[in-house]
Amino acid sequence: MTEQRTVQFRVFRYKQGRERPWYDTFDVTVTPRTTVLEALQFIRRVHDPSLMLRHSCHHASCGTCGMRINGQERLACITRVHDIAGERVTVEPLANLPIIGDLVVDMKAFYAKFTPMAMPLIRHSEFLPEAEPPEGVDTYTRLENCIECGLCVSVCPVAASDPLYLGPAALAAAWRVVQEPRGQNVPEILAQVDTAHGCWRCHIAMECSAVCPSHVDPGAAIMALRGTLIRQHLPWRRKQQGGDAHEPR
Amino acid sequence: MKGAFHVLVIGGGATGAALAHDLTLRGLRVTLVERWEVTAGTTGRHHGLLHSGARYVLTDPDSARECIEENWILRRIAPDAFELNDGLFVALTDEDVTYLDPFLEGCARCGIPTRVLSREHTLRLEPNLNPTLKLAVQVPDGTMDAMRLPLRFLATAQHHGAEIRPFTEVVDIHFQGRTVAGARVRDHRTEREYTIAADVVINATGPWAGQIAQMAGVDVPIRPSPGVLVAVEGRLCNMVINRLHPAGDGDIIVPQRRLSIVGTSSWVVEDPDDLDVPEAHVRMMIDLGALLIPTLREMPVRAAWAAARPLVGPRTAHSGRELSRTFKCFDHADEGVEGLVTIIGGKASTARAMAEVTTDIVCAKLGITAPCRTREVVLLPHTAYYAG
């Protein structure tokens with residue numbers, strides 16, 4: 001038999017119309033394989049069906065189950081209770097986004113910044129570069145890495161202090177358009193991020209890249225946007241672009 | 001919309017999402033309620049296969065035909081939603097090769113295009129495949145994002161006036177005499193209960209359809225049939241890889257983003273809320289998947305999970321494999337309960353067709369003659385659902 005133990009879950013609660021949020025505690029018996037999402041599903045099924053959380057794919061592809069687990073932004077579906085230190089697990093909603101109820105945040109503000117970057121969702125696949133595509137398929141493609149989970153926005157210290165900041169997810173999407181335009185208007189996207197609340201607002205805390213569950217590396221993307229814009233803004237560069245097409249390195 | 005008939009859809013999965021879209025296009029007023037987040041039940045947890053239908057040609061040709069027809073429609077109405085890298089059915093053994101002719105004939109009968117590839121050609125397309133393979137057949141499978149396709153249906157329905165209410169749980173069916181006239185719901189956001197009146201209620205709750213039917217005093221032949229899926233790190237193939245044999249356990253690998261997803265097992269349960277992920281099934285997925293792609297065994301496991309299929313079948317069914325993947329719509333007026341329709345069975349790839357058939361039945365009840373337009377109307381991007 002697999003080793004079982006009982007873990008106390010301290011869960012953030014909030015319902016619209018209530019004066020203030022509160023915490024409920026529940027005991028959950030877990031095995032080494034139990035994920036935080038499974039534990040929360042158990043709490044909802046057995047203890048309190050009104051517990052609100054978001055989940056869908058259960059394998060870190062949909063990005064819905066982002067939350068703060070003992071203060072750290074994580075996807076609940078791939079976080080094993082066993083891997084969290086301590087006998088108590090505190091579960092709270094993502095920060096820097098409005099709360100709808102319990103562990104659920106309103107993603108509207110996230111998409112208000114993400115969608116205008118117009119990142120196409122299908123990209124070239126860089127895997128198995130030696131593989132020949134089959135007849136009828138021009139080139140192998142795949143879905144973009146970003147799963148729109150909001151972990152990077154939650155952990156970002158600048159997003160916490162500047163509500164107008166575009167934030168790491170949107171800026172990373174902008175960089176993907178610059179990297180692989182797929183018919184999008186690159187100068188227009190660069191103009192959108194070249195603002196005081198755009199890529200220049202980042203403090204290089206790099207927490208976004210540390211918590212990203214999907215290899216997006218928003219911190220590096222923001223630095224790359226800055227590099228691209230600096231090269232465009234240098235006066236000698238502008239002059240050169242008008243006359244000489246030579247690319248300085 | 002004022003004065004239009006009002007339809008209440010229970011269930012925010014792929015079926016409910018496609019229903020909300022079809023019903024609004026036909027001029028109906030629509031409210032959709034889902035007790036959790038949308039797609040949190042079965043819908044979000046499938047392997048992400050855009051079916052060509054080839055998986056079913058040997059055992060379930062009706063389902064195969066539905067799949068290929070919907071495959072072409074979805075490519076049209078949801079552009080840029082799929083990894084369109086096609087799929088392979090790989091024969092690993094001489095026994096697998098004996099299925100080649102029936103497979104090709106079955107595909108031809110169902111209208112699924114095929115191309116037979118030699119061992120060498122197959123390995124040039126997919127270098128990680130088991131090098132001892134005999135041959136492969138190329139079919140138009142694809143990869144989808146299991147959550148985002150239904151979000152597109154929901155976004156478009158919402159844009160056309162449908163009211164989508166997640167975290168809103170049906171606690172009872174509301175009757176007027178013997179006629180279903182709406183539902184009593186509890187909003188988990190506000191802790192309030194209220195009644196939603198409707199001319200027709202549609203039970204689109206997948207494996208939970210039996211529980212809603214029970215509230216209305218009717219019975220539906222639903223067999224919740226879970227399967228285990230395992231995602232490993234690393235994209236080991238670009239195409240969808242299937243084993244060339246009658247559909248069974250652990251015989252499909254769906255690549256998606258940077259992951260490879262192996263599925264599935266199959267059993268039946270009474271309560272779709274209480275799904276176990278048996279360790280033995282996880283090991284079986286890895287063992288069987290590694291027959292197709294040996295390096296799979298070396299990759300770290302990203303996640304293992306279970307999802308309950310909403311299969312149509314008798315209570316005697318025991319593994320779920322013997323049940324068809326096609327769908328069935330029930331007008332409970334046939335049992336003396338007017339105003340309630342249940343749709344069960346099917347799969348994410350055929351949700352649009354399920355919605356078309358169900359909406360046809362609802363429109364016939366209400367005397368509405370508007371034709372179905374969901375084969376042509378291009379869906380909004382998934383991001384529009386949350387952007388509002």
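Keep in mind it's a predicted model, so treat the numbers as computed, not measured. By convention in this document, chain letters (A, B, ...) are assigned in the order of the sequence lines, proteins followed by strands, and residues within each chain are numbered from 1.
The distance from the SG atom of A:C77 to the CZ atom of B:R45 is 10.5 Å, given to the nearest 0.5 Å. For the atom pair CG of B:D271 and CZ of A:R45, the computed distance is 6.5 Å after rounding to the nearest 0.5 Å. To the nearest 0.5 angstrom, B:H188 atom NE2 is 8.5 Å from A:D48 atom CG. Within the model, atoms CZ of B:R258 and CZ of A:F127 stand 4.0 Å from one another, a figure rounded to the nearest 0.5 Å. Taking CZ from B:R189 and OH from A:Y14, the interatomic distance works out to 12.5 Å, rounded to the nearest 0.5 Å. Summarising the geometry, atom OG belonging to A:S125 is positioned 12.5 Å from atom CE belonging to B:M239; distances are rounded to the nearest 0.5 Å.
Proximity to chain B (any heavy atom under 4.5 Å) is shown, for A:T141, by both the backbone and the side chain. With a threshold of 4.5 angstrom between heavy atoms, B:L117 does not approach chain A through any atom at all. For B:D187, no part sits under 4.5 Å from any heavy atom of chain A, backbone or side chain. B:F82 touches chain A through its backbone: at least one of N, CA, C or O sits under 4.5 Å from a heavy atom, while the side chain does not. For chain A, no part of B:A146 is nearby; none of its heavy atoms comes within less than 4.5 Å. Both the backbone and the side chain of B:L125 come within contact range of chain A, judged by heavy atoms closer than 4.5 Å. No part of B:V230 comes within reach of chain A, as not one of its non-hydrogen atoms sits under 4.5 angstrom from that chain. Neither the backbone nor the side chain of A:P120 comes within contact range of chain B; no heavy atoms are under 4.5 Å apart. Within the 4.5 angstrom heavy-atom criterion, no atom of B:A307 approaches chain A. With a 4.5 angstrom heavy-atom cutoff, A:A60 touches chain B via backbone and side-chain atoms both. Only the side chain of B:I261 comes within less than 4.5 Å of a heavy atom of chain A; its backbone N, CA, C and O stay farther away. In this structure, no portion of A:L51 lies under 4.5 Å from any heavy atom of chain B. Of the atoms belonging to A:R33, it is side-chain heavy atoms, and not backbone ones, that fall under 4.5 Å from chain B.
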Tell me, with the steps shown, if A:M52 and B:F167 meet side chain to side chain contact (heavy atoms under 4.5 Å, CB included). CA-CA 7 Å; A:M52 291 167 61; B:F167 306 107; 3.6 Å; yes

Stepwise, does the side chain to side chain contact (heavy atoms under 4.5 Å, CB included) test hold for A:H58 with B:L229? CA-CA 10 Å; A:H58 293 221; B:L229 298 102; over 6 Å; no

List the steps and the verdict of side chain to side chain contact (heavy atoms under 4.5 Å, CB included) for A:V137 and B:L84. CA-CA 8 Å; A:V137 173; B:L84 294 173; over 6 Å; no

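The most heavy-atom pairs under 4.5 Å with chain B, out of A:D106, A:N145, A:V46, come from A:N145. Contacts with chain B were tallied for A:Q41, A:M107, A:R18; A:R18 has the most, counting heavy-atom pairs under 4.5 Å. Taking A:P49, A:C65, A:A109, A:P134 one by one and counting their heavy-atom pairs under 4.5 Å with chain B, the maximum is reached by A:P134. Each of B:R192, B:R186, B:H46, B:H382 has some count of heavy-atom pairs under 4.5 Å with chain A, and the biggest count is that of B:H382. By number of non-hydrogen pairs under 4.5 angstrom with chain B, the leading residue of A:I100, A:D102, A:I147 is A:I147. Your options are A:T139, A:D138, A:I78, A:L37, and the one with the most heavy-atom pairs under 4.5 Å with chain B is A:I78.
Salt-bridge check for B:R148 with A:E148: passed, with a basic side-chain N closer than 4.0 Å to an acidic carboxylate O. Taking the charged nitrogens against the carboxylate oxygens, A:E144 and B:R257 have no contact shorter than 4.0 Å, which rules out a salt bridge.
Considering A:E132, A:E130, A:E135 as possible partners of B:R124, the one that fulfils the salt bridge (Lys or Arg N to Asp or Glu O under 4.0 Å) test is A:E132.
Pairing each heavy atom of A:L143 with each of B:A81, the nearest pair is CD2-O, 4.3 Å. The minimum heavy-atom distance between A:S61 and B:D145, with the atom names listed, is O-OD2, 3.9 Å. Nearest approach of B:A387 to A:K108, heavy atoms of both residues: O-CE, 3.4 Å.
The environment of CZ in B:R76 is crowded: more than 12 heavy-atom neighbours from other residues, nucleotides or ligands sit within 6.0 Å.
Put simply, the side chain of A:H59 reaches to within 4.5 Å of the side chain of B:Q256, judged on heavy atoms. Put simply, the side chain of B:W305 does not reach to within 4.5 Å of the side chain of A:E38, judged on heavy atoms.
Between the side chain of B:D80 and the backbone N or O of A:L121, no donor-acceptor pair lies under 3.5 Å. For the pair A:R142 (side chain) and B:N238 (backbone), a donor-acceptor distance under 3.5 Å is absent. Checked by atom type and distance alone, the side chain of A:S56 pairs as donor or acceptor with a backbone atom of B:T39 at under 3.5 Å. Checking side-chain atoms of A:Q16 against main-chain N and O of B:T190 turns up no donor-acceptor pair under 3.5 Å.
Side-chain atoms of B:E37 and A:T64 form no donor-acceptor pair, as typed in the model, at a separation below 3.5 Å.
Cation-pi contact between A:R44 and B:W36: present, with separation from the ring centre below 6.0 Å and deviation from the ring axis of at most 45°.
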